[in-house]
Amino acid sequence: MTTPARPKSEFLQILTERGYIHQTSDFEGIDAKAAEKKLIAYVGYDCTAPSLHVGSLISIMMLHWLQQTGNKPIVLLGGGTTRVGDPSGKDETRAMRTIEEIDANKESLKEVFAHLLQFGDGANDAMMIDNADWLAKLNYIEFLRDVGRHFSVNRMMTMDSVRLRLEREQELSFIEFNYMLLQSYDFVELARRYDCNMQMGGSDQWGNIVMGADLGRRMGTHQLYGLTCPLLTTASGAKMGKTAQGAVWLNENQLPAYDYWQYWRNTEDADVGRFLRLFTTIPLEEITKLEALGGAEINEAKKALATAATALMHGQDAAEKAAETARVTFEAGALSTDLPTIDLPRADLEAGLGVLEAFVRAELVKSNSEARRQIKGGALKINDKALSDETASLTMADIGPDDVIKLSFGKKRHVLLKPV
């Protein structure tokens, strides 16, 4: 559908100008609700891991802007749907998790949202809800009669989450096939219980969102809307939230604030302006100036991105500390004791700790074989000296004047081993 030149609501103005919108079910309808500050929208997050990663941040930012413009956000945690597993974007069935694992992950996820949303009992305060509250109590026969009868298997087979799996001749379990019914039913329950009127999510969720809105119509709810954001990749085509070293987690106990800062600092030049709009609250006028920087000056824009993005997730103090640590390490050429540090038993050094194991313990590489490959490529350093012998060992003699041993992978990833 054609969107207006300029939305009436501040919410859609921000989302349009900053590049959040991929699809909407009814742009004018959503715009009218948002202008009246009567938009109550949710995003669902399954509890598959102890932390969300950067790939989920764009939808959390949409909830943030929803609240900042006077509307009400709902965070739906999938204590129920995680027991089934979302097939969207997956080539194989997700690993089944125990109820205990799901509950532990759910508790860990909660801390992420507190950084970007204000929870409480106010008119536009955010709510956090668990879909296990209704899904875990469902009677299967009643669910099939009341909900399942509204779904066409023919239509379900055309949804990307199903169609792509079948086209690739990859197994789709019956339990996964049911996922879109549960997600659609979530939308209906949130509409009935909390007057929710919109679901947001990544573009891979569009089919499920539309089916949820249609189910609401069939089951007599008020008008339901859908809005999706693009599934982001970097300018070079890499998927957001993934690096060679693994996922970029949002919880600090999964990824230290310094490493999080470094992830944003390493943004490709072509992505700086886009990421400043999506992942920070820096005013657009300032972003325009930052993205206009050329040559080596683009690094200043990357530092601004890294510090602003880290401040949102980990606080201003942590962001500034990470920025200063990077400055001391890379620009001043000094050793910053604020680099990620892990304790190392002195007994290990006294006995001699193999360098391969040392780099694995520091989580700079995932395995001994990866460490060997990086040594051959000259990427690993000990106390800023290139490592060439994969059979070498760290000993007490490697402890530097700051009582630490500095391990490095390339120019930007460093870990200090602190003998204890």
Side-chain angles (χ1 to χ4, degrees), residues 53-54 233-249 252 254-272 275 295-307 309-310 319 321-342 344 353-394 398-400 402 404-418:
H53 61 68
V54 165
T233 57
T234 64
S236 62
K239 187 176 181 180
M240 279 290 293
K242 300 288 186 180
T243 68
Q245 291 74 43
V248 182
W249 301 108
E252 189 166 9
Q254 298 288 115
L255 185 75
Y258 173 79
D259 289 336
Y260 189 76
W261 189 93
Q262 279 293 336
Y263 170 76
W264 296 107
R265 169 63 181 82
N266 294 334
T267 294
E268 297 176 35
D269 292 2
D271 288 325
V272 173
F275 288 0
E297 287 187 329
I298 193 67
N299 289 323
E300 296 306 311
K302 293 182 181 182
K303 293 174 191 176
L305 166 63
T307 300
T310 304
K321 185 176 180 181
E324 177 60 15
T325 298
R327 188 195 68 78
V328 169
T329 303
F330 305 125
E331 296 176 18
L335 176 64
S336 172
T337 54
D338 287 329
L339 287 169
T341 303
I342 62 172
L344 179 68
L353 176 65
V355 291
L356 301 181
E357 182 181 350
F359 277 90
V360 171
R361 283 200 203 180
E363 297 184 354
L364 289 170
V365 295
K366 293 182 178 180
S367 64
N368 287 352
S369 58
E370 183 185 355
R372 290 190 185 96
R373 290 196 301 272
Q374 299 301 340
I375 289 171
K376 290 178 181 177
L380 302 188
K381 295 180 180 180
I382 297 175
N383 293 330
D384 295 322
K385 294 181 180 179
L387 176 61
S388 58
D389 182 4
E390 66 180 51
T391 65
S393 296
L394 294 180
D398 292 301
I399 300 175
D402 295 290
V404 294
I405 301 172
K406 181 183 178 184
L407 302 187
S408 304
F409 183 165
K411 296 180 179 180
K412 297 181 178 180
R413 299 190 65 220
H414 310 277
V415 171
L416 302 181
L417 300 183
K418 185 175 180 59

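Note that these values count all heavy atoms, side chains included, but never hydrogens, waters or copies made by symmetry.
- Between Trp249 and Asp259, every side-chain heavy-atom pair lies at or beyond the 4.5 Å cut-off.
- Remark: Asp269 engages Lys302 in a side-chain hydrogen bond (donor to acceptor under 3.5 Å, both in side chains) (not counting sequence neighbours).
- The distance from the NE2 atom of His53 to the CD atom of Gln254 is 12.0 Å, given to the nearest 0.5 Å.
- Between the OG1 atom of Thr307 and the NZ atom of Lys321 there is a distance of 14.5 Å, given to the nearest 0.5 Å.
- Taking Arg372 as the reference, Glu390 meet the salt bridge (charged side-chain N to carboxylate O under 4.0 Å, His left out) condition, with sequence neighbours excluded.
- To the nearest 0.5 Å, the span separating CD1 on Ile382 from CG on Leu394 amounts to 4.5 Å.
- A pairwise comparison of heavy atoms in Gln374 and Leu380 identifies CB-CG, 3.7 Å as the closest pair.
- Residues passing the side-chain contact (heavy atoms from CB on, under 4.5 Å) test with Ala309, sequence neighbours excluded: Trp264.
- In this structure, the side chains of Thr341 and Val415 stay at 4.5 Å or more apart for every pair of heavy atoms.
- Leu416 contributes atom CG, which lies 10.0 Å from atom CD1 of Ile405 (distance to the nearest 0.5 angstrom).
- The side-chain contact (heavy atoms from CB on, under 4.5 Å) test applied to Ser367 returns Ser369, Glu370, not counting sequence neighbours.
- Taking every heavy atom of both residues into account, Phe359 and Ser408 meet most closely at CE2-O, 3.6 Å.
- Heavy atoms only, all atoms of each residue included: Ala362 and Ile342 are closest at CA-CD1, 3.7 Å.
- The side-chain contact (heavy atoms from CB on, under 4.5 Å) test applied to Ala235 returns Glu268, Ala270, Asp271, not counting sequence neighbours.
- Here the side chains of His414 and Lys406 are in contact, with some heavy-atom distance below 4.5 Å.
- Two residues are said to be in side-chain contact when any heavy atoms from C-beta on lie closer than 4.5 Å; Tyr263 and Leu255 fail this criterion.
- Residues satisfying the side-chain hydrogen bond (donor to acceptor under 3.5 Å, both in side chains) test with Thr310, not counting sequence neighbours, are none.
- Rounded to the nearest 0.5 Å, atoms CG (Leu353) and CZ (Arg361) are 5.0 Å apart.
- Residues Leu417 and Ala358 come closest through the heavy atom pair CD1-CB, 4.5 Å.
- Partners of Lys381 according to the side-chain hydrogen bond (donor to acceptor under 3.5 Å, both in side chains) rule, which considers only residues two or more places apart in sequence or in another chain, do not exist here.
- Residues Lys376 and Arg373 fail the side-chain proximity criterion, which asks for heavy atoms closer than 4.5 Å.
- Looking at residues two or more places apart in sequence or on another chain, you find a side-chain contact (heavy atoms from CB on, under 4.5 Å) between Ala304 and Leu290.
- Contact record, Val404 with Asn383: O-OD1, 4.4 Å, taken as the closest heavy-atom pair.
- Between Leu356 atom CG and Thr391 atom OG1 the span is 8.5 Å, to the nearest 0.5 Å.
- Contacts of Thr267 classified as side-chain hydrogen bond (donor to acceptor under 3.5 Å, both in side chains), with partners at least two apart in sequence or in another chain: none.
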